[in-house]
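Below, read A as the first sequence line, B as the second, and so on, with proteins coming before strands; counting in each chain starts at 1. Please read these numbers as outputs of a predicted model, since none were measured by experiment.
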Protein chains: 2
Amino acid sequence: MTARRAGLREQKKQATREALRTAALRLALERGPDNVRVDDIAEAAGVSPRTYNNYFPSREHAIVAAVTGEREARIAAAVADRPDGVGLADAVVEAIVDQYTAPDEPARDALLLITTRPTLRDAYVEAASAIEHPLTDAIAERLGDTDPHTARVLATSVAAAVRLALQQWLHATAASATAGGLVVPSGSLPDLLRATLAPLAPALDAAEQRARRHPHR
Amino acid sequence: MTARRAGLREQKKQATREALRTAALRLALERGPDNVRVDDIAEAAGVSPRTYNNYFPSREHAIVAAVTGEREARIAAAVADRPDGVGLADAVVEAIVDQYTAPDEPARDALLLITTRPTLRDAYVEAASAIEHPLTDAIAERLGDTDPHTARVLATSVAAAVRLALQQWLHATAASATAGGLVVPSGSLPDLLRATLAPLAPALDAAEQRARRHPHR
DNA sequence: GCCAAAAATTGCGTGCACGCAAGTTTGCGT
DNA sequence: ACGCAAACTTGCGTGCACGCAATTTTTGGC
């Protein structure tokens, strides 16, 4: 009767996960991303190298996870929190923009690190896929659970659009990096996100109208 | 001098590429996918193992490429070929459905092979991403090049939806016995594709209307 | 408290992706 | 025809992902 049902185990797992990604980012910042082996990360976190891959499927994932954190959960919550008066499209777009503008999000030097290495950039972009499932639930909630399939399609498409926006954003900043000057990667990501998600708004609106016309219960 | 300009080199490259993917599929079918090393494929195609990875980024890609072939190009062409009277949404959806129903597409035993191994399934699904760029061009063409950004977003979303449909299709056919599938009754892929792309139709239509209202040239 | 089952960690072995720095082939200008 | 430059291939070395089976740790029932 100590902790919650099956709780202490999970707690420890989250602890090592946290230790791993923190160590990964710290080492990458200290030595540069190419001079940190997965063995180093494992050692710094006090686990075996093999265990590392029980937590992260690749070397890059840990570093990226240190930056992205629990963003997917926060986005889902943010969508759910918008008042019902707000249209679905606006709710989704603004929730996403908010989370990508969150105070701790930048972590300037970490993002700068990521932009330098192509494999890290890819992993960072790919990490946005994690919003798919939480977002599916959030959208399904808003649509009244009438059609889970539609919710999945929309969430998938939104996630894809977000990845596209991130890709273009990083590509732009990388290009301007070679052009000289310090590259604080703030070419207005919010604007880019909004512009990229805009074409999907009609699809979100249409789904919302349909749901309104066929209320579920 | 019968070959096209700057053609002989490229011709050879396509030949080895073809040889590699053919060999990969043949060997996988003969021995089972787990009993074929990349060295074997390379040897069967008469190139060095290192060269294999100059053509395909992973072992699975060659096998999958043998099945998917040049689908992405065919889809783009199919979109372009639809008469102008047809709406953009219909043009895209039907072009995709057509290509995934092409006569040689199934290759029954090959697809069966793919469904068995998770890594192959993933690669097969992922391969659908290749339609993104050709589809972007095709859509941009139909929209009159007014806004390339919108075309990219739409193509990206469509590709994501196609991946989703394939994923569900493969998942359904794999676990048809266990679950009491409350999702789409796992039936024909065309139906699943149409159902999955349907929620995006409003976005495609809206873009088309906008383009019609602001003709470019 | 104690023990058996479940779950997580670990070491090992294997195949693989890929950078790099030779070698080799192709194509083009003169 | 000739030779040079660019493109492609190859061998090598390194780090990595991951299946498997043995081991250690956690948990819940008694």
Side-chain angles (χ1 to χ4, degrees), chain A residues 1-21 23-24 27-28 31-65 116-123 126-127, chain B residues 1-21 23-24 27-28 31-65 116-123 126-127:
Chain A
M1 298 251 190
T2 53
R4 292 197 270 318
R5 172 129 185 125
L8 191 141
R9 217 187 188 90
E10 194 62 23
Q11 220 167 348
K12 272 198 153 183
K13 278 188 68 170
Q14 294 308 326
T16 32
R17 170 169 252 103
E18 171 68 18
L20 278 171
R21 64 187 190 199
L27 289 179
R31 317 179 179 177
D34 292 341
N35 301 328
V36 48
R37 326 235 155 289
V38 41
D39 296 34
D40 303 334
I41 303 174
E43 191 183 9
V47 297
S48 93
R50 181 60 183 86
T51 297
Y52 174 91
N53 277 334
N54 290 344
Y55 281 85
F56 295 100
S58 93
R59 188 172 63 95
E60 290 76 18
H61 271 72
I63 300 179
V64 165
T116 52
R117 294 294 182 281
T119 69
L120 282 179
R121 284 195 321 209
D122 291 352
E126 195 58 28
Chain B
M1 293 288 178
T2 53
R4 291 193 264 313
R5 177 117 183 127
L8 192 140
R9 218 184 187 93
E10 194 62 22
Q11 222 169 347
K12 273 196 152 185
K13 278 188 69 170
Q14 293 309 325
T16 25
R17 171 170 251 102
E18 170 68 19
L20 279 171
R21 65 187 189 198
L27 290 178
R31 321 178 177 177
D34 291 341
N35 301 328
V36 48
R37 326 230 166 292
V38 42
D39 296 32
D40 303 334
I41 303 174
E43 190 183 10
V47 297
S48 94
R50 182 61 182 86
T51 297
Y52 175 90
N53 278 330
N54 290 344
Y55 281 86
F56 295 99
S58 93
R59 189 173 63 95
E60 290 76 19
H61 270 72
I63 301 179
V64 165
T116 51
R117 293 296 183 281
T119 70
L120 282 179
R121 285 196 322 211
D122 292 352
E126 195 58 27

Between the protein and nucleotides 21-23 of chain C, are there any N/O to N/O pairs under 3.5 Å, and if so, what are the atom names and distances?
none

Think B:Arg17 forms a cation-pi with B:Phe56, using NZ or CZ under 6.0 Å from the six-ring centre and within 45 degrees of its axis? yes

When rounded to whole Å, the CG to C1' distance for the pair B:Asn54 and D:dA7 reads 12 Å

5' to 3', nucleotides 17-25 of chain D under a 4.0 Å protein heavy-atom cut-off (B base, S sugar-phosphate only, - none) gives BBBB-----

Rounded to the nearest Å, what distance is computed from the CG atom of residue B:Asp40 to the P atom of nucleotide C:dG15? 10 Å

Nearest-nucleotide check on DNA chain D, B:Lys13 vs B:Pro49; residue mapping nearer the 5' end is B:Lys13

Quick one: NZ on A:Lys13 to OG1 on A:Thr16, what's the gap to the nearest 0.5 Å? 8.0 Å

I'd like to check B:Asn54 versus B:Arg50 (side-chain heavy atoms, cut-off strictly below 4.5 Å). Are they in contact? yes

Heavy-atom pair with the smallest gap, counting every atom of B:Ile41 and B:Ala24: CD1-CB, 3.8 Å

Least distance between heavy atoms, B:Ala44 atom then B:Leu27 atom: CB-CD1, 4.2 Å

Walking DNA chain C from its 5' end, the first of A:Thr51 and B:Val36 to be reached, judged by nearest nucleotide, is A:Thr51

Any heavy-atom pair between the side chains of B:Arg9 and B:Lys12 that's under 4.5 Å? no

Axial bend angle, the helix from C:dG1-D:dC30 to C:dT30-D:dA1: five-pair end segments, nearest 10°: 30°

Round to a whole Å and report the spacing from CG of B:Leu20 to P of C:dC16. 14 Å

Here the pair of heavy atoms bringing A:Ala123 nearest to A:Glu60 is CB-CB, 3.8 Å

So do the side chains of A:Asp40 and A:Arg31 get within less than 4.5 Å of each other, counting heavy atoms only? yes

Value in whole Å for how far the C1' atom of C:dT14 lies from CG of B:Asp39: 12 Å

Does any non-hydrogen side-chain atom of B:Thr116 lie less than 4.5 Å from one of B:Arg121? no

Rounded distance (Å) that lies between atom P of C:dA8 and atom CZ of A:Arg17: 11 Å

Whole angstrom is fine here: how far is it from CD in B:Glu43 over to C1' in C:dG15? 16 Å

Specify the closest pair of heavy atoms between A:Tyr52 and A:Ala42, including all atoms of both residues, with the distance to one decimal. CB-CB, 4.5 Å

Rounding to an integer number of Å, can you tell me how far A:Asn35 CG sits from D:dG15 C1'? 13 Å

Nearest-Å distance, NE2 (B:His61) to P (C:dC16)? 15 Å

Kindly determine whether B:Asp34 and B:Arg117 satisfy side chain to side chain contact (heavy atoms under 4.5 Å, CB included), including the steps that lead there. CA-CA 9 Å; B:Asp34 291 341; B:Arg117 293 296 183 281; 3.0 Å; yes

